[in-house]
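Here is how names work: the chains are called A, B, and so on, in the same order as the sequence lines, proteins then strands, and each is numbered from 1.
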There are 2 protein chains.
Amino acid sequence: MSDRLPPLTALRAFEAAARHLSFQAAAGELNVTPAALSFQIKSLEEHLGAPLFHRLNRRVELTEAGQALSPQASEGFQTLTAGWRAAKRVLDSGILTVTAGPAFTAKWLAPRLFDFAGSHPEIELRFAATLRMLDFATDDVDIAIRFGPIDVADDPSLHLALTIEEWVTPMMHPDLVPKYPTVESLLDATFIFDDSMKFLKNTVSWADWFGTHDLDTPDLHGTHFSQADHAIDAAQSGAGVVLGRISLGETALRQGSLVAPFETGLMPRANFRVLCPKGAETRPGTRAFLDWLAREAGRMEGLRDGRRIVRAGD
Amino acid sequence: MSDRLPPLTALRAFEAAARHLSFQAAAGELNVTPAALSFQIKSLEEHLGAPLFHRLNRRVELTEAGQALSPQASEGFQTLTAGWRAAKRVLDSGILTVTAGPAFTAKWLAPRLFDFAGSHPEIELRFAATLRMLDFATDDVDIAIRFGPIDVADDPSLHLALTIEEWVTPMMHPDLVPKYPTVESLLDATFIFDDSMKFLKNTVSWADWFGTHDLDTPDLHGTHFSQADHAIDAAQSGAGVVLGRISLGETALRQGSLVAPFETGLMPRANFRVLCPKGAETRPGTRAFLDWLAREAGRMEGLRDGRRIVRAGD
DNA sequence: CGTATCGGATAAGATATACTTGATCGTTAT
DNA sequence: ATAACGATCAAGTATATCTTATCCGATACG
């Protein structure tokens, strides 16, 4: 005698039918047609080699074999359901781990954390600020925000929840604004260099920016920063003019500690991708964060009003 | 959050993989390729929205979610397996109910019962001798032996395990044999009529039997029996000559209390069908009985040696 | 009594699911 | 360095599963 389990869908159909003592009700519970259920029961009976139900005129009754199977089947499926729920509960335990680069974490996420925490007190956010691409499986990360070239495809096993466009424009301390009324006047400015996007083929450097105004690049000198947020910090303290990334400067621009007085923006061939494991986008915590992220990212669009955004490499 | 269970095949794949901590071993257990198993796990992870295994170089480990699910999954499937076995045990409880017509039960099954019981002491046979076609589901019958026209199909939901051909030939008490040395001499005999096959379109009557010898049917008179076994009994007591069904006369022929001295047999367009619910043919008790039945039926073939069997209606 | 209704069974066709084959990739063992 | 191993992927195929539509027998009802 083979102790192998019969087809599990058929077993589940039987379990529901035995509980309701009605094929129709069971079909309803499983969201299938009565015909499908009838077929499943029949298939199960063939596997067993004997009927599980007495077909009476307008109802069904369990045979002896059915009576032996029914309680254990119910218990088995209950246990499975409980296990599945337990697994889900582990995931929705209220801890959401987000990874992003250090600059984005410091200049974009951190200032907004209070807002998110206010509307979702039940979710505890953890940030893992690193540039290394994390493995969702090994590092227990729920959401990753990565900046990369637009023509490099993401891991197909991940779900792309959102993209955020990045662009740069000259930013400076408010006190410096009168010194640079025109684009030409900027040529003599003290520059701050953000080298964080050097890895891109089409860079978005000062030379590129002046190029969009048909101006030759002057002899550029100033301080270089490999971390984008440090360049922003320097500009914020009045150390010079930075071709600042809008995602990182936005907070400062909003509160007035930085000003971006020029019309032209430059968009690199790269953007932010917000990724999570496939299927994870439906988990409540993940969904809440993604929704919030999309809303916040949308609010950044306002900064583009009245500006001319030039795509690099076009 | 949906509490619906994920695809059960995927769950079972996970259960095995979690137990072995190896996809390959799990695939072996379930008789599928490792690729299939990998796919199932992946699908389950997508349903959950998070990985269940840490993929390490040459092995896998359970994630936190996997650890939550694994024990309950194992327990659940164990319960289901236990229930399934319990249902099977009910069927193989050693009681086998066979239904057949009263004549076949009395003249064929009953004399052989001792033989079957001897070689299968663990099986308790129960006979339900009735002509009514029983419902396997409502009557808890395991095997049905039915006699019917060969051109009437059986219920397709039943398994046809065996057919036994029936034929008839003149049978009489040994003392009568010298009185009827030739076919022609039989024309004057005292006849016993077995009316049990009257329901057939192509009958196998005395008229038909004489017809195969190109003899006109004489004025037939004698005693009629509606039950075939009663006709055999009458012949056995020397009351006359019966055109006896071989299945029913065989036992008497073997022990010499009846003799069938003529060469010609007549085969009706009907036979015995041995039926059981689909799938039941693999149950040990059922199989033992069917095998035994086939063997015993085969032994009847010997009676055809040297005879001319004519099919009715040809 | 005939007719409507109910629950289940069936057949055929569509669709989704599950599996296999054959190849790839990164790691470990020889 | 090479081979072996375990997991994975892609493509094609097979099989299981579901739906639609119809049928059937038995109650319930006018």
Could you check whether the rings of F14(B) and F53(B) sit parallel, tilted or perpendicular, using 30° and 60° as the cut-offs?
tilted
Where does the angle between the aromatic ring planes of W108(B) and F104(B) fall among parallel (under 30°), tilted (30 to 60°) and perpendicular (over 60°)?
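Parallel.
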Nearest to the side chain of V32(A), which nucleotide is it out of dC18(D), dG8(C), dT20(C)?
dC18(D)
R55(A) side chain near dA9(C) phosphate (N/O to OP1/OP2, under 4.0 Å):
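Yes.
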N/O (side chain, T33(A)) to phosphate O (OP1/OP2, dC18(D)) under 4.0 Å:
no
Is it the case that atom CZ in F127(A) sees more than 12 heavy atoms from other parts of the structure closer than 6.0 Å?
yes
What's the verdict on side-chain contact (heavy atoms from CB on, under 4.5 Å) for H47(A) and W84(B), showing C-alpha distance, side-chain angles and the deciding distance?
CA-CA 10 Å; H47(A) 271 271; W84(B) 186 246; 4.1 Å; yes
What integer distance in Å separates [X]:[atom1] from [N]:[atom2]?
X	N	atom1	atom2	value
L21(A)	dG8(C)	CG	P	10 Å
H20(B)	dG6(D)	NE2	C1'	15 Å
E46(A)	dA16(D)	CD	P	12 Å
E45(B)	dC9(D)	CD	C1'	15 Å
E61(B)	dA7(D)	CD	C1'	15 Å

Looking at F147(B), is R245(B) sitting on its ring face, NZ or CZ under 6.0 Å from the six-membered ring centre and within 45 degrees of the normal?
yes
Which part of the nucleic acid, if any, lies within contact of S43(B), taking any heavy atom under 4.0 Å across all strands shown: a base, the sugar-phosphate backbone alone, or nothing?
nothing
Within the sub-3.5 Å range, which N or O atoms of nucleotides 10-17 of chain C have a protein N or O partner, and how far apart are they?
residue	atom	partner	partner atom	Å
dT10(C)	OP2	K42(A)	NZ	3.2

Looking at every heavy atom in both F23(A) and S38(A), which two are closest together, and how far apart are they?
CD2-CA, 4.3 Å
